[in-house]
J.: 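Below is a structure I'd like to ask you about.
Convention: sequence-line order gives letters A, B, ...; per-chain numbering from 1. We use all heavy atoms of the structure for the numbers below, so side chains are in, but hydrogens, waters and symmetry mates are not.
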2 protein chains.
Amino acid sequence: MTYLCDMPRPVEAYREDQTALETVLGKAVAILRSFTPEDQILSLAEIVRRTGLPKGSAHRVAGDLVGHGLLDKAARGYRLSGGMFELGMRASVERSLLELAMPFLQDLYERTHETVHLGVTDGQAVVYVAKIGGHRQANAPSRVGGRMPLHCTAIGKVLLAHADPVDRNTVLSAPLQRRTAHTIVAPGLLRRQLESVLDSGVAFEREESTLGLLCVASPVMGLDGRTAVAAVSVTGPVGRFRPELHATAVRAAAQGISSVIARRADTRSPSSSAGA
Amino acid sequence: MTYLCDMPRPVEAYREDQTALETVLGKAVAILRSFTPEDQILSLAEIVRRTGLPKGSAHRVAGDLVGHGLLDKAARGYRLSGGMFELGMRASVERSLLELAMPFLQDLYERTHETVHLGVTDGQAVVYVAKIGGHRQANAPSRVGGRMPLHCTAIGKVLLAHADPVDRNTVLSAPLQRRTAHTIVAPGLLRRQLESVLDSGVAFEREESTLGLLCVASPVMGLDGRTAVAAVSVTGPVGRFRPELHATAVRAAAQGISSVIARRADTRSPSSSAGA
DNA sequence: TCATCTCATTCCACTGACTGGAACGTTTCG
DNA sequence: CGAAACGTTCCAGTCAGTGGAATGAGATGA
């Protein structure tokens, strides 16, 4: 019930819905993936509902996962464990990106005192790698590890503008989901915006994903200097917040991160995009 | 070769070394766990060496993990994928703790401009959940998702002081590993320190885990007000950094987080400690 | 240039780990 | 107090998974 949210279900991105529910591993991954960023605890019944696994199997595999320390057994069900968190933090790309970027994000926050995001592309969505903000930031629905569509967020537009043309066209030719009255759903308009992003080095978003929120973003370039490996953004509420005024600061932060990446050429930026 | 570090290998904590390498799931988890925070890319041969799996099996399971999006196949081997990062970030306890704590950590950083940590206990080690700092913080060896022993870090001492007596005694009765010349290896001395931590609400560390580093930490209390669910710390270099001067700020940040936790009593803080 | 490593990948016949439906307790709720 | 939903246990069949061996692909060195 409560997991119905308007963000794209991650499950859809991976096409393993039915692909491999017949192997142990497939079942295990399906169970792990049945947790959304909104969930704290999932009952066995809920897991069964979401994954479509037979009750018996779900029970057994979930139990095994607990045994392996990837799931915790709570009073009313299961939840992703600290061990899972630990493993996730060892994902090399995200972790090293985060470590390199953190000081710059920090600076950016201090300069603006608005919510700062760092995001990367995965499939056809933004995945947030970091989010820092003060006490007054209850509004933004983004969560670290959460997803948002590419076409209606500043970070997404930046990444899309610098993406491989094939991937960009894939997004532009599919129907652009409307999220608010301000969401850009006309491919032509969006394409023109993306072109100007390449010139200016920043993208804006004005209540296109969430009412009341404005955003500026700028790309973090990879080693080749062509493709963006990530993007930095500053978000604030309609009213006091003027995104244009922060464009320079955001651009500076993003370029700072880019140059640090360039300086230590061990973090390979793979061009591997979403698998067919 | 390069993965030899003096931090406790997480593998030791879970006793699945040989326990269940015979099930698919066991193999999969073993492969995932064979990545340490230092590793970027692991070759198949290296995975085989660390896990002890037969080459054929390792190859097959690793391939399956790639298919399920938990591993990426890079040029020279495998690495933990962004999907893994995403999953890890959904671990409810760590994630909600992080979200609640972030604004306070932010404040603390702005006030001190020194490296700020947030850590929790897992087994008999500290696991870092957040680390924020500026450009001048290359020294601290800690990493988000990384581990450190309890007895030689400020965060560890705070958590130990507020831990279940049984767990505390387990640590105190085992030999305390020496990490520097300043590491406290005398159980009696450590126990006395822990007692004073309960009074003062802060713990100090002076080059006990890493030479040249000083640290203050304070506990984040759970709903019951007795046990600590996490701890906040500020770290700085010998010389300019005076930990005592930051004790108040650290305590304030930790208490701020504690009170937010208390205010929204949905985040259950389970008393479940490390399983036997 | 060729020999000799090491690593990655493919193959295949055997087998026991995994399967999932059904039956049994337990809790929740009207 | 029934009824419904949930969690747990059980078990015989079988197919997914197994791992040793052979082959291909690269790297190293003399």
J.: Can you tell me the distance, in whole Å, between the CD atom of B:E22 and the C1' atom of C:dT15?
T.: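 B:E22 atom CD is separated from C:dT15 atom C1' by 13 Å.
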J.: Taking CG from A:L25 and P from C:dT19, how many angstroms apart are they, rounded to a whole number?
T.: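 The answer, rounded to whole Å, is 11 Å.
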J.: On DNA chain D, check which nucleotide each of A:Y78 and A:V24 is closest to and give me the residue with the more 5' one.
T.: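 Residue closer to the 5' terminus by nearest nucleotide: A:Y78.
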J.: Within this structure, what is the CD1-to-P distance between A:I41 and D:dG7, rounded to whole angstrom?
T.: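 The answer, rounded to whole Å, is 12 Å.
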J.: Taking atom types as they are modelled, would you say the side chain of A:K55 forms a donor-acceptor pair with the base of C:dG21 within the 3.5 Å cutoff?
T.: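 Looking at the base of C:dG21, it does not pair with any donor or acceptor on the side chain of A:K55 (distance under 3.5 Å).
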J.: When you measure from the side-chain N and O atoms of A:S57 to the phosphate of C:dG20, is any distance below 4.0 Å, counting only OP1 and OP2?
T.: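 Answer yes for this pair, as a side-chain N or O of A:S57 is under 4.0 Å from OP1 or OP2.
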J.: Where the side chain of B:R60 is concerned, which of C:dG20, C:dA8, D:dG19 is the nearest nucleotide?
T.: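 Closest nucleotide among those given: D:dG19.
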J.: Are any of A:K73's side-chain N or O atoms less than 4.0 Å away from OP1 or OP2 of D:dT8?
T.: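 Indeed, a polar side-chain atom of A:K73 lies that close.
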J.: Expressed as a whole number of angstroms, how long is the span from A:K27:NZ to C:dA17:C1'?
T.: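 Atom-to-atom, A:K27 to C:dA17, this comes out as 12 Å.
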J.: Salt bridge or not for A:E86 and B:R147, using N-O below 4.0 Å?
T.: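 Judged by the 4.0 Å cut-off on N to carboxylate O distance, A:E86 and B:R147 do form a salt bridge.
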J.: When the distance from CZ of B:R50 to C1' of C:dC7 is rounded to whole Å, what number comes out?
T.: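 After rounding, the gap between these two atoms is 16 Å.
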J.: Can you tell me which residue among A:R143, A:R50, A:R79 is in a salt bridge (Lys or Arg N to Asp or Glu O under 4.0 Å) with A:D39?
T.: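 Considering A:R143, A:R50, A:R79, a salt bridge (Lys or Arg N to Asp or Glu O under 4.0 Å) with A:D39 is found only for A:R50.
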J.: Should the pair B:R226-B:D164 be classified as a salt bridge under the 4.0 Å nitrogen-to-oxygen rule?
T.: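 Salt bridge absent between B:R226 and B:D164.
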J.: Atom CG of A:L42 and atom P of D:dG7: how far apart are they, to the nearest Å?
T.: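 Answer to the nearest Å: 10 Å.
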J.: Of the listed nucleotides (D:dT18, C:dA8, D:dG7), which one gets closest to any side-chain atom of A:S43?
T.: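 That would be D:dG7.
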J.: Roughly, in whole Å, what's the span from CD1 in B:I47 to C1' in C:dC7?
T.: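 Rounding to the nearest Å, CD1 of B:I47 and C1' of C:dC7 are 12 Å apart.
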J.: Using only atom types and a distance under 3.5 Å, with no angle test, would you say the side chain of B:S57 pairs donor to acceptor with the backbone of B:L53?
T.: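 Such a contact is absent between B:S57 side chain and B:L53 backbone.
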J.: How long is the gap from CZ on A:F85 to CZ on B:R95, to the nearest 0.5 Å?
T.: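 Output value for this atom pair is 10.5 Å.
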J.: Tell me whether the side-chain N/O atoms of A:H59 come closer than 4.0 Å to OP1 or OP2 in D:dT8.
T.: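 For A:H59, the contact criterion (side-chain N or O under 4.0 Å from OP1 or OP2 of D:dT8) is met.
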J.: Can you measure A:L53 atom CG to C:dT19 atom C1' for me and round it to whole angstrom units?
T.: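 It works out to 12 Å between those atoms.
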